[in-house]
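Below is one structure, written out as structure tokens; comments come after it.
As a basis for the values below, the full set of heavy atoms in this structure was taken, side chains included, without hydrogen atoms, waters or symmetry mates. Start at 1 with the first residue, then count along the sequence.
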Amino acid sequence: MLVNAKYELQPFDAAEALLRQPEDDGHPRTLVVFVGRDLAMGERAASVLKDAAAHLSRAAAAAKFKGKSGTSLEVLAAPGAPASRVILIGLGAAEETEGREAAKPFEDFLALGGQTAAKIGAGARAVVLFDLPEGISAAHDSVGQFALGGWLRAYKFDHYKTKKKDEADRDGPMEVVVALADPDGHSAAMSDGGHLADAVMLARTLVNEPANILTPPEFARRASELMKLGVEVEVLDEKAMSELGMRALLGVAQGSEAGARLVVLRWSGGAEGAAPLAFVGKGVVFDSGGISIKPAASMEDMKGDMAGAAAVTGAMYAIAARKAKANVVGVLGLVENMPDGKAQRPGDIVKSMSGQTIEIINTDAEGRLVLADALTYVIEKHNPAAIVDLATLTGAILVALGQEYGGLFSNNDELADRLTKAGSHIGEKLWRLPMGPAYDKLIDSKFADMKNTGGRHAGSITAAHFIQRFVGKTPWAHLDIAGTGMGSPMSDTNQSWGAGWGVRLLDRLVRDYYEG
């Protein structure tokens, strides 16, 4: 993992003792305090800053800082302050948000953690007084969410940079002591946040890696490292897939020298013999479009066309790391789509593992071919209770939803509702789009059972209908994450091109509905 932050919990007394120690001139200390309206502080924070209160008040007045949520004030060398750098982070007042009652839990400690980490900065040493102003309370997992936000914000993918621009990066990771009244009571949430951070960062790194490094065999090797967490791993090579009749998936890969792999990740933490929940990820490590080659502009971004498989890998890491009491199987279809002389052509007809035949209209509609065989495999071999597939599948979903929502398609209202609620809970939002016979008819072929595109109109929907033809009656949801899985907008918790979107969503789905 490319981790640039360390967090530890300490009781208030220990943190205050640390603040009384002389500062290392090479590493001046930062003190972070949360404030409400008009610089209202918790009792402990007010006590720590009592000798600097007047100066901080004058600085806040000069900067017109009033403690509004999302704002901050940095004060250097404040007389009487126990640190050479004091950062006040505004939480607002309970009554500032319409409909919020006093003492309702502050709702976004994940974003707060990211905002705080950004203010502290790389290589710094800081003490955060987790002492909230009166009228603002914290949920039981707030400290874990706060640290998770900081870890995610501090993530950098600079492995291939030989020169570091930021001198602070050379001093090591940011070190943060989170001081609170009951550190033992929050240690489990902190540990949980750490596991989830590792999982998201794993997915981010996979998405960020260049395709000359992350080939299908290399992706399979990295996914196989989950065995260290107790995950059962099986890797199918091209010969094994050919024997199973996976001509749809292999057809995509046949123009590449890198070969193809199908990786099966199995976590058995639930009742013995209980049907697992299945996650299936599209893993096109590079998508040139094949013979239907893409335009040159931004083709370099197609190294991220495996973000679905990355999300599944990260989710399986998170589930195994916390020893989830659930049976979950993850399947990764890993290929490279290249325009070699052996590549499949528009007009070709292939036979899928399911026995259904597919006319290839456009070789750039390749992800659904990979999913077709991966879905058939997981249904035949693992008989899952439900399936969720994730894929950077269509540009049409970007036109429809931009980068704010992932597209949701499903044959099961309960599963769709669970995913929507899980996404709303953690901020990875989904929007359900319609499906129906009129759309399904658009992928009928004159020469085969179906064709791999339905034309320009409703492209995301017809793609979902193609996939649905391979799931039968199994409860299934398809998440089109072309707008969220790569090139994601920067946020309080993500400064990376690959956001790791979907890891926390799948983890929350398991926590809320399939565990125990």
### Task
Nearest 0.5 Å please: distance from the OH atom of Y439 over to the NE2 atom of H457.
11.5 Å
#### Entry: Side chain proximity check, E257 to E336, heavy atoms < 4.5 angstrom
no
### Task
Determine whether the aromatic ring centres of F157 and W497 lie less than 6.0 Å apart.
no
### Query
Is D158 reaching over with its side chain to a backbone N or O of K161, donor-acceptor style, under 3.5 angstrom?
no
## Note on the structure
Exactly one of V335, I360, N337 clears side-chain contact (heavy atoms from CB on, under 4.5 Å) with E366, and that residue is N337
#### Entry: R504 and D192 ion-paired at < 4.0 Å
no
### Shortest non-hydrogen contact between A499 and S488, atoms and distance
CB-OG, 3.5 Å
### Message
So does F109 get a backbone contact from the side chain of S142, meaning a donor-acceptor N/O pair under 3.5 Å?
### Response
no
### Message
Counting neighbours of NZ on K342 that are heavy atoms of other residues, nucleotides or ligands and sit closer than 6.0 Å, is the number greater than 12?
### Response
no
### Query
Does the side chain of V263 reach to within under 4.5 Å of the side chain of V233, using non-hydrogen atoms?
yes
### Message
Show, in sequence, the C-alpha distance, side-chain angles and deciding distance for T215 and V285, and conclude whether the side-chain contact (heavy atoms from CB on, under 4.5 Å) test is met.
### Response
CA-CA 6 Å; T215 61; V285 299; 5.5 Å; no
### Query
Given I358, which of V350, I443, I349 fulfils the side-chain contact (heavy atoms from CB on, under 4.5 Å) condition?
V350
### Query
Which atom names give the shortest non-hydrogen contact between A320 and W267, and what distance separates them?
CB-CE3, 3.8 Å
### Message
Quick check for you: to the nearest 0.5 Å, what is the distance between K429 atom NZ and T420 atom OG1?
### Response
12.5 Å
### Message
Quick check: do T376 and S352 have side-chain heavy atoms less than 4.5 Å from each other?
### Response
no
### Steps toward side-chain contact (heavy atoms from CB on, under 4.5 Å) verdict (L375, T474)
CA-CA 10 Å; L375 287 163; T474 304; over 6 Å; no
### Steps toward salt bridge (charged side-chain N to carboxylate O under 4.0 Å, His left out) verdict (R432, D413)
CA-CA 10 Å; R432 190 175 184 184; D413 291 342; 2.9 Å; yes
### Task
Could you tell me whether the side chain of D480 and the main chain of G407 form a donor-acceptor pair under 3.5 Å?
no
### Query
If you take all heavy atoms of A260 and L249, which pair is closest and at what distance?
CB-CD2, 4.0 Å
### Query
Does any non-hydrogen side-chain atom of V510 lie less than 4.5 Å from one of F279?
yes
### Query
Would you say S256's side chain and M338's backbone share a donor-acceptor pair under 3.5 angstrom?
no
### N-O pairing of R222 and E225 below 4.0 Å
no
### Task
Kindly indicate whether the side chain of T116, heavy atoms from C-beta on, has any atom under 4.5 Å from the side chain of R153.
no
### Task
May I ask you to test the L393-I467 pair for a side-chain heavy-atom distance under 4.5 Å?
yes
#### Entry: Minimum heavy-atom distance between E359 and S445, given as atom pair plus value
OE1-OG, 2.6 Å
### Task
Please check if the side chain of N411 supplies one atom and the backbone of W476 the other of a donor-acceptor pair under 3.5 Å.
yes
### Message
Strictly below 4.0 Å, N to O, side chains only: are R247 and D348 in salt-bridge contact?
### Response
no
### Message
What I want to find out is whether D512 reaches R418 closely enough, with some N-O distance under 4.0 Å, to be called a salt bridge.
### Response
no
### Message
Quick check for you: to the nearest 0.5 Å, what is the distance between Q344 atom CD and L250 atom CG?
### Response
10.0 Å
### Backbone of A5 reached by a side-chain donor or acceptor of W151 within 3.5 Å
yes
### Message
Parallel, tilted or perpendicular, judged at 30° and 60°: which one describes the rings of F470 and F466?
### Response
tilted
### Query
So, K282 and D389, do they make that salt bridge, N to O below 4.0 Å?
no
### Message
Please evaluate residues V328 and L506 with respect to the criterion side-chain contact (heavy atoms from CB on, under 4.5 Å), reporting the C-alpha separation (whole Å), side-chain torsions for both, the decisive distance (0.1 Å), and the verdict.
### Response
CA-CA 11 Å; V328 186; L506 297 182; over 6 Å; no
### Query
Hey, is the main chain of S491 close enough, under 3.5 Å, to the side chain of Q495 for a donor-acceptor pair?
yes
### Reported CE-to-CG distance for the pair M435 and L408, which is rounded to 0.5 angstrom
10.0 Å
### Task
May I ask you to say whether R322 pairs ionically with D507, meaning some side-chain N is under 4.0 Å from a carboxylate O?
yes
### Message
Determine whether D364 and D287 satisfy the following criterion, side-chain contact (heavy atoms from CB on, under 4.5 Å), listing intermediate values before the conclusion.
### Response
CA-CA 8 Å; D364 194 23; D287 180 21; 3.0 Å; yes
### Task
Consider only side-chain N and O atoms of D449 and T357, and report whether a donor and an acceptor are under 3.5 Å apart.
yes
### Query
Nearest heavy-atom pair of M246 and M353: which atoms, and what distance?
CE-SD, 3.7 Å
### Query
How long is the gap from CG on N208 to NZ on K303, to the nearest 0.5 Å?
5.5 Å
### Message
I'd like to check L236 versus E234 (side-chain heavy atoms, cut-off strictly below 4.5 Å). Are they in contact?
### Response
yes
### Task
Step through the shown structure and confirm whether more than 12 heavy atoms of other residues, nucleotides or ligands are within 6.0 Å of NZ on K119.
no
### Message
Is it the case that the side chain of D237 and the backbone of A240 share a donor-acceptor pair, with hydrogens and angles ignored and the cut-off at 3.5 Å?
### Response
yes
### Query
Given T363, which of I291, N452, L369 fulfils the side-chain contact (heavy atoms from CB on, under 4.5 Å) condition?
I291
### Query
With a 4.5 Å limit on heavy-atom distance, are the side chains of L509 and Y513 in contact?
yes
### Query
Which pair of heavy atoms, one from G498 and one from R204, lies closest together, and at what distance?
O-CG, 2.9 Å
#### Entry: Expected output: side-chain E428 to main-chain G423 donor-acceptor under 3.5 Å
no
### Message
To the closest 0.5 Å, what do you measure between CG (D198) and OH (Y155)?
### Response
12.0 Å
